Amino acid sequence: MTGLPCLDVDYCRRAFPPLENGWAYFENAGGSYVPRSVISRMTAFMNECQNQPDWPFESAQLAGERLETAQALMARTINAARDEIIIGPSTTLNVYVLAQALRPTFAAGDEIVVTNQDHEANSGAWRRLEEFGVVIREWRIDPQNGELDLADLQAMLTPRTRLVCFPHVSNVVGSINPVAEITARAHAVGARVCVDGVAYAAHAQIDVKALDVDFYLCSLYKLYGPHLALLYGKREAIAEARNQNHFFHDGNPPETLHPGGLNYEAVASLSGIVDYLDGVYAHHFTAPENDLFVRLGRVFQLFAAQEEACGGRLAAYLAGRSEIRLIGHMNGDRDSRMPTFSFVVAGQSSRAVAEALAQEKIAVGYGHFYGYRCVEALGLAPDDGVVRASLVHYNTLAEVERLIAALERIV
Ligand SMILES: Cc1ncc(COP(=O)(O)O)c(C=O)c1O
């Protein structure tokens, strides 16, 4: 990452109102904070054009333009075409709809690979297709470190495999799965992939074309936005899926995968995510760059360097403490993990650790985080599960030191 400026973290932090409250916020994998630009876009929509879009009166035209702009920006952000994305209420619901849409394309005996590393969102809806004769194969983690092994997947792929569902990054384990490679192996047997990028999106640029994925999932409230989720589907993959919308939308992809209307004010606010990221670009780079995707790529490189510095320090501490079991990779190296650190402390419940940290104004969660199967496979009781400290670019080294000092007292 040489040649790039250092991220001006203070500049970034000023954009997020809750970061002024004195807490060190490490629950970003549960939901990142939203910048003022998102809040003001949502407020502006509600103040100025909270009506059905596209009718021939002024505020309806304005609403239509804002909704279209926001969706086009989201598509560009991940290098997708506008007609390859839908913005739904949540990833869980997007997968549910997608599973219903693909179900009629599967025959009895067709196989779907799911993992026990996933959040249940990209798992349960596929497993339920077993009722219809689909055979479910489970790609299992190593019970020690939570990692998936490509060799295990390879042994599972057959000419009957139709779909491989897996996370880009697990929200419990934090390790980065090699999406392009897994996808190539699935494609080699004629299967499609559905990749959960929810725990990846806040940290690095997603390029769905370079990854060659068929379906990709991303919850926007973990990408500095409101509670909405993006579903990407490669054009030909969406075309295969059956219409889940009103009958008159049949043949009109991607609307086929989005029953019901948009959450207008929240969708309109998505432009504020790009306002924020582009503001970070303008603050750090003077060279003009016309392509939004390129600008965002540079911004995510700045984020990566900051996250790696802070995550590396935390990983070194967690991995070096014999009383602490860190899940996933033992370092904060960006090639292998995102700064989402799950751990357990010997002799202490995860709940007690989280509560003790809260006493010191340090915000972390505990439990299974809906990665129930993953936590169980790691040999832990899901309800108490793990303590999870997850960082994004606006976390500082000083906050990490605060967390480490507090953990030292607790351990
Ligand atoms: C990795 C991962 N996938 C999927 C989800 C589910 O997202 P949503 O709340 O949008 O359904 C989450 C939420 O925590 C997650 O962390």
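Counting convention: from 1, in listed order, for ligands and their atoms alike. All figures in this text were calculated on a predicted structure; none of them were measured in a lab.
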query: Does Asn395 reach the main-chain N or O of Val392 with its side chain, forming a donor-acceptor pair under 3.5 Å?
result: yes

message: Checking the side chain of Asp212 only, and the main-chain atoms of Ala180 only, is there a donor and an acceptor separated by less than 3.5 Å?
response: no

Sub-3.5 Å pairs, protein N or O with ligand 1 N or O:
residue: ligand 1; atom: 3 (N); partner: Asp196; partner atom: OD1; Å: 3.4
residue: ligand 1; atom: 3 (N); partner: Asp196; partner atom: OD2; Å: 2.5
residue: ligand 1; atom: 7 (O); partner: Ser219; partner atom: OG; Å: 3.1
residue: ligand 1; atom: 9 (O); partner: Tyr221; partner atom: OH; Å: 2.5
residue: ligand 1; atom: 10 (O); partner: Thr91; partner atom: N; Å: 2.8
residue: ligand 1; atom: 10 (O); partner: Ser219; partner atom: OG; Å: 2.7
residue: ligand 1; atom: 11 (O); partner: Thr91; partner atom: N; Å: 3.3
residue: ligand 1; atom: 11 (O); partner: Thr92; partner atom: N; Å: 2.8
residue: ligand 1; atom: 11 (O); partner: Thr92; partner atom: OG1; Å: 2.5
residue: ligand 1; atom: 14 (O); partner: Lys222; partner atom: NZ; Å: 2.5
residue: ligand 1; atom: 16 (O); partner: Asn171; partner atom: ND2; Å: 3.3

task: Would you mind listing every ring pair (Phe, Tyr, Trp, His ring centres under 6.0 Å) that reaches into residues 111-153, with sequence neighbours excluded?
output: His119-Tyr370

task: For residues 374-404, pull every pair meeting ring pair (Phe, Tyr, Trp, His ring centres under 6.0 Å), keeping only residues two or more places apart or in separate chains.
output: Phe16-Tyr394, Tyr224-His393, Tyr276-His393, Phe303-His393

task: Answer yes or no: is there a side-chain heavy-atom contact under 4.5 Å between Arg66 and Tyr264?
output: no

statement: Residues passing the side chain to side chain contact (heavy atoms under 4.5 Å, CB included) test with Asn245, sequence neighbours excluded, are Asn243, His249, Glu255

